[in-house]
Amino acid sequence: MAAQLSPAIEQQTIVPVAEASTVTRDSRPLRFITCGSVDDGKSTLIGRLLWDTKAVKEDQAAALNRDSGKQNDLGLPDFALLLDGLQAEREQGITIDVAYRYFATDRRSFIVADTPGHVQYTRNMATGASTADLAVLLVDARTGLLEQTRRHATIAALMGIRQFVLAVNKIDLTDYDEAGFHAIARQFRELALTLGVRNVVAIPVSALRGENIVYPATGSMPWYEGQTLVDALEKATQRAGQSTGFRMGVQRVSRPGEGFRGYQGTVTGGSIKPGDSVVVLPSGVEANVRQIVTFDLIRNAAVAGDAITLVLDRPVDIARGDMIAAIDQRPLTGTAFSARLVALSPDGIEAGKRYWLKAGSRRQRVQVSPVTALDLASGAWSPATRLPLNTIGTVHLDFEETAIFDAYDTNRQTGAFILIDPETNNTVAGGMIEGKRGRPGSLGHDGDQDRVTITLPAHLAEAFRESDFARAHRAEIKVSGPEEVEGE
Amino acid sequence: MTMTTTHPAPAGHLKLVEHGRGRPPLDPHLKALENEAIHIFREVAAEFERPVMLYSIGKDSSVLLHLARKAFHPGKIPFPLLHVDTGWKFREMIAFRDSVADRLGLDLIVHSNPRGKAEGVTPFSHGSSRYTDIMKTEALKQALDAGKFDAAFGGARRDEEASRAKERIYSFRTPEHSWDPRNQRPELWSIYNGMIRPGESVRAFPLSNWTEVDIWRYIEAEEIDLVPLYYAAPRKVVDRDGMLILAEDERLELLPGEEITTEMVRFRTLGCFPLTGAIRSQATTLSEVIDELEIATVSERQGRAIDRDQAGSMEKKKREGYF
């Protein structure tokens with residue numbers, strides 16, 4: 001075996017033990033998801049990442065060897081066992097549930113949502129994708145893109161991921177075939193474009209041999225001068241996804257004593273500073289910010305992500321579930337919305353059924369009516385009256401009381417929601433707001449200002465709206481058909 | 001190793017100033033983890049009728065407590081803390097617990113399973129597995145039932161152990177406190193489903209996404225007090241089956257052939273002293289501990305006997321109600 005060791009592996013053995021240092025990382029953790037089936041070597045890829053970044057410790061590796069007695073042909077532990085933590089998964093040899101893994105380089109820390117690849121676990125992939133900034137899609141260099149590659153890419157894009165890394169794995173088994181790699185990469189870029197994803201990095205890798213994962217493989221692939229997987233992850237951007245103004249859902253009202261009344265929540269969009277004018281929704285009452293209070297005393301500003309306590313300059317009736325927002329960039333309010341949905345429950349989503357909807361800290365009753373369902377194999381949307389488990393579809397949401405959202409494309413926090421079945425209390429769907437529905441003949445809302453309006457006859461408008469292109473550019477174009485004029 | 005600044009801070013044009021904090025601001029990585037934990041604390045406190053926070057006195061619990069104080073500032077922590085005392089904790093842990101509760105004015109519940117005394121259940125007489133079942137898992141269920149608590153915060157982290165990697169932030173428990181890993185509620189974005197029926201409960205894990213290094217770096221940045229056992233000092237130990245057991249306590253009975261030696265040791269985790277092995281270390285300060293950790297080649301639970309009882313042992317314990 002030793003003769004077959006690649007330069008990358010030799011390099012690994014001579015890397016000195018990491019020098020201790022107090023590393024200060026200058027960014028938040030990058031969250032990413034890995035998609036691919038067992039056969040693509042996904043577990044090996046993640047195992048390799050954890051191993052080469054020294055996130056796996058010796059006793060964990062020893063436990064693996066003890067449990068399985070198995071090693072792969074490079075004398076490394078069976079990485080799949082490291083990842084499949086549940087007894088049932090070990091017994092069946094498959095990944096059932098989303099697992100979260102942590103590793104870090106000198107530059108950045110990472111949270112990997114390791115999700116199962118089988119079609120029956122679409123819901124688990126959607127779960128992992130909901131918080132991810134980037135998706136690593138794995139294909140076998142010998143087989144290229146599969147139907148499931150399209151499925152994974154579609155789910156990732158629908159869940160709001162705008163950066164893809166294509167890892168063309170087992171490249172060693174194609175004799176490091178450059179032309180084959182480029183053909184797969186080109187095909188994938190075309191697929192990604194139809195989903196509206198332009199940011200694609202394709203990398204030829206061998207997860208088993210550790211080539212182009214953490215260490216470059218210049219020896220075996222002199223023709224590849226691009227980034228390693230870890231390079232690409234280090235350079236990825238955190239998805240901004242927040243082009244809205246200030247948003248803070250109120251989690252609780254803090255009244256520790258006479259004279260103090262603060263609203264506690266996490267900033268989910270924009271920024272805020274004392275003196276700023278805000279509107280409280282759904283009441284519509286306006287006020288100014290007096291103070292931003294944290295344990296570390298008074299702050300002069302807060303930005304998206306910060307957990308704060310807000311004090312306003314006048315007494316206002318505010319309760320948990322209310323939204324405090326920028327006065328000049330308000331979210332959408334209304335009782336009728338359209339949304340995309342991933343059905344997570346074996347019972348599916350039934351037409352006209354009433355659910356609890358939770359968005360941030362706001363929970364309210366909603367009636368859900370499926371409109372279309374997506375065929376993940378072909379990418380086509382067709383009319384539907386119910387959404388079975390693992391289906392992605394579009395729905396109409398009708399509320400009894402005012403709901404407050406942004407479109408998911410402009411804000412991944414305030415545009416997302418879950419549905420809870422009131423009978424079982426289970427989480428039965430994850431949803432993403434597309435926009436407000438309104439009555440014909442009324443005026444468009446403010447959010448349409450930046451969109452180009454395309455007016456088409458009703459039957460064409462419908463077909464165009466369901467196209468991948470229109471979905472991918474929802475934020476930029478507004479398709480005007482007779483029934484689709486939005487407003488109050 | 002030096003840092004290169006390639007990622008712009010997310011603050012944009014706004015300059016963030018934290019007045020009166022005698023420390024530099026947290027780096028964005030720790031700040032993001034802190035924000036997430038505070039969000040979870042507030043959400044659980046608002047959604048559940050009777051939350052409680054499990055307090056085990058260790059480093060993770062110390063971070064958890066610090067975050068709880070931050071989450072509810074300027075108010076007090078709006079729920080009690082619960083310590084399940086097996087009767088076999090390190091003495092220094094109990095002293096530390098009482099001084100922290102006193103200093104911060106905490107509402108602290110201490111519960112021990114009465115069977116421990118009544119039936120003489122010890123780690124030596126019953127073996128680590130049976131002992132843990134009775135004195136930790138069963139005792140915890142007793143205390144949660146007695147308090148009618150519908151949500152319990154814990155300091156578990158997903159990086160600790162394989163079955164925990166699949167744990168939700170809101171982890172649903174039946175009225176019997178059991179966990180069904182194959183039937184967990186999906187958890188998307190940072191939207192948590194807190195709907196339960198009477199008798200059911202949720203375990204909430206604000207530190208889910210923290211790693212051991214994050215915990216230590218946060219302790220350093222926030223100057224959080226810890227039980228001194230985490231720092232190396234000359235201590236009396238015996239080597240038992242490869243584990244260095246602290247021998248500064250008359251509760252430990254030496255086996256034939258065992259010898260007490262004094263060594264420079266510290267603990268990476270703290271639990272029941274007969275089940276928690278020390279590691280040889282020269283790290284007497286926080287920064288030395290972090291340095292040691294960043295080059296460590298074994299995981300922190302390596303010294304824990306209860307994780308090694310049998311394959312999948314943590315998952316089994318968790319199914320039965322262990323934290």
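Letters A, B, ... mirror the listed sequences (proteins, then strands); counts begin at 1. This is a predicted model, so every value here is computed, not measured.
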Under 4.5 Å heavy-atom distance to chain B, tell me which part of [X] shows up: side chain, backbone, both or neither.
X         : result
Arg31(A)  : side chain
Ile292(A) : neither
Phe260(A) : side chain

Query - Face-on cation placement of Arg363(A) at Trp356(A) ring, 6.0 Å and 45° thresholds - result: yes
Within the 3.5 Å criterion, strictly below it, is a donor on [X] or [Y] matched to an acceptor on the partner's side chain?
X         : Y         : result
Asp214(B) : Thr211(B) : yes
Glu187(B) : Tyr170(B) : no
Arg252(A) : Ser254(A) : no

Report summary line: Ranked by heavy-atom pairs below 4.5 Å to chain B, first place among Ser345(A), Gly430(A), Ala416(A) goes to Ala416(A)
Report summary line: From the list Thr266(A), Thr131(A), Ile420(A), the residue making the most non-hydrogen contacts under 4.5 Å with chain B is Ile420(A)
Query raised in the report: Between Phe153(B) and Phe79(B), is the ring centre distance below 6.0 Å?
Result: yes
Requested in this report: Identify whether the distance between the nearest side-chain nitrogen and carboxylate oxygen of Glu47(B) and Lys358(A) falls below 4.0 Å.
Outcome: yes
Query raised in the report: Does a salt bridge link Glu167(B) with Arg173(B), judged by any charged N lying under 4.0 Å from a carboxylate O?
Result: yes
Let me know if [X] has heavy atoms under 4.5 Å from chain A in its side chain, its backbone, both or neither.
X         : value
Leu30(B)  : neither
Phe172(B) : neither
Ala71(B)  : backbone
Arg185(B) : side chain

Query raised in the report: Quick one: of Ser190(B), Ala32(B), Pro74(B), who has the most non-hydrogen atom pairs under 4.5 Å with chain A?
Result: Pro74(B)
Query raised in the report: chain A: which of Met195(B), Arg42(B), His73(B), Glu43(B) shares the most heavy-atom pairs with it under 4.5 Å?
Result: Arg42(B)
Query - Plane angle bin for His39(B) and Tyr192(B) - parallel if under 30°, tilted between 30 and 60°, otherwise perpendicular - result: tilted
